[in-house]
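Report on the structure given below.
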Amino acid sequence: QVQLVESGGGLVQAGESLSVSCVASGRFNSINSMGWYRQCPGKQRELVATVTSGGITNYADSVKGRFTISRDNAKNTVVLRMNRLEVEDTAVYFCYAEARLRYTSAYGNYWGQGTQVTVSS
């Protein structure tokens with residue numbers, strides 16, 4: 001399986017910056033896409049940003065220009081740098097990885113436990 005361990009998160013004021021990090025471990029051969037989703041109480045989980053192993057990024061419109069995703073393929077880590085945070089960014093942030101396990105040919109989707117980001121006004 002694939003284990004995703006998140007770190008970072010916390011409480012900040014609007015306008016401040018914060019980073020969340022995630023490291024993947026386990027019995028996998030490769031990871032295609034890694035990234036972050038977020039979920040607010042009573043709402044569906046939504047895309048924040050993803051990055052492929054080749055460095056192609058995808059951002060939600062609401063975070064473009066404020067958030068930056070980066071990835072270290074050798075270390076199986078992904079970092080989301082969040083600038084100019086807004087109260088609306090408050091959510092649980094989940095790390096995501098699309099990985100192929102050893103001795104298999106198909107990719108599966110894996111999730112971390114989530115880390116809380118709270119932005120106060």
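Heavy-atom basis, side chains included; hydrogens, waters and symmetry copies ignored.
Taken from CZ in Arg100 to CZ in Arg27, the straight-line distance is 15.5 Å, to the nearest 0.5 Å. To the nearest 0.5 Å, atom OG of residue Ser53 and atom CG of residue Asn76 are 11.0 Å apart. Here the CD atom belonging to Glu88 is positioned 9.0 Å from the CZ atom belonging to Arg38, to the nearest 0.5 angstrom.
Seen from the ring of Phe94, Arg45 counts as a face-on cation partner, given the 6.0 Å and 45° thresholds.
Val117 is listed as a side-chain neighbour of Met82, based on a closest heavy-atom distance under 4.5 Å. Counting heavy atoms from C-beta outward, Thr118 and Val12 have side chains that stay 4.5 Å or more apart. When side chains are defined from C-beta on, Ser17 counts as touching Arg81, because their heavy atoms get closer than 4.5 Å. At a threshold of 4.5 Å between non-hydrogen side-chain atoms, the residues Thr52 and Asn32 count as touching. Tyr103 places none of its side-chain heavy atoms less than 4.5 Å from the side chain of Asn29.
Considering all non-hydrogen atoms of both residues, Gly9 and Thr115 come closest at CA-OG1, 4.0 Å. Across every non-hydrogen atom of Ala91 and Gln39, the tightest pair is CB-O, 3.5 Å. Smallest separation of non-hydrogen atoms from Ile31 and Ala24: CD1-CB, 3.7 Å. When every heavy atom of Leu4 is checked against every heavy atom of Cys22, the shortest pair comes out as CB-SG, 3.9 Å. Closest of all the heavy-atom pairs between Ile69 and Ala49 is CD1-O, 3.5 Å. Scanning both residues, Val23 and Lys75, for their nearest heavy atoms gives CG2-O, 3.9 Å.
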- Does the side chain to side chain contact (heavy atoms under 4.5 Å, CB included) test come out yes or no for Leu85 and Leu18, once each step is laid out? CA-CA 8 Å; Leu85 280 160; Leu18 195 65; 3.7 Å; yes
- Show your working on side chain to side chain contact (heavy atoms under 4.5 Å, CB included) between Leu80 and Thr68 and close with a plain yes or no. CA-CA 6 Å; Leu80 183 69; Thr68 302; over 6 Å; no
- Taking it one step at a time, do Thr50 and Thr57 satisfy side chain to side chain contact (heavy atoms under 4.5 Å, CB included)? CA-CA 6 Å; Thr50 59; Thr57 58; over 6 Å; no
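Checking side-chain atoms of Glu6 against main-chain N and O of Gly114 turns up a donor-acceptor pair under 3.5 Å. Judged by distance alone, with hydrogens and angles left aside, the side-chain atoms of Arg71 form a donor-acceptor pair with the main-chain N or O of Val51 at under 3.5 Å. When atom types are taken as modelled, the side chain of Gln13 and the backbone of Ser120 share no donor-acceptor pair closer than 3.5 angstrom. A side-chain donor-acceptor contact under 3.5 Å links Thr90 to the backbone of Val119. A donor-acceptor contact shorter than 3.5 Å is absent between the side chain of Tyr110 and the backbone of Cys95. The main-chain N or O of Gly65 is found under 3.5 Å from a side-chain atom of Arg84 such that the two form a donor-acceptor pair.
Ring-plane geometry between Tyr96 and Tyr37 is classed as perpendicular, the angle between the planes exceeding 60 degrees on a 0 to 90 degree scale with a lower cut at 30.
Ion pair Arg66/Glu86 flagged as a salt bridge, since at least one NZ, NE, NH1 or NH2 atom sits closer than 4.0 Å to an Asp/Glu carboxylate oxygen.
Ring to ring, Trp36 and Tyr93 are not that close: their centroids are 6.0 angstrom or more apart.
In this model, a donor atom of one side chain and an acceptor atom of the other lie less than 3.5 Å apart for Ser30 and Tyr107.
Cluster annotation: Trp111 and Met34 are assigned to distinct hydrophobic clusters (Ile/Leu/Val/Met/Phe/Trp/Tyr, side-chain heavy-atom contacts under 4.5 Å, transitive). Cluster annotation: Val20 is connected to Tyr59 through the hydrophobic network of ILVMFWY side chains, with a link wherever side-chain heavy atoms come within less than 4.5 Å.
The environment of CD in Gln116 is crowded: more than 12 heavy-atom neighbours from other residues, nucleotides or ligands sit within 6.0 Å.
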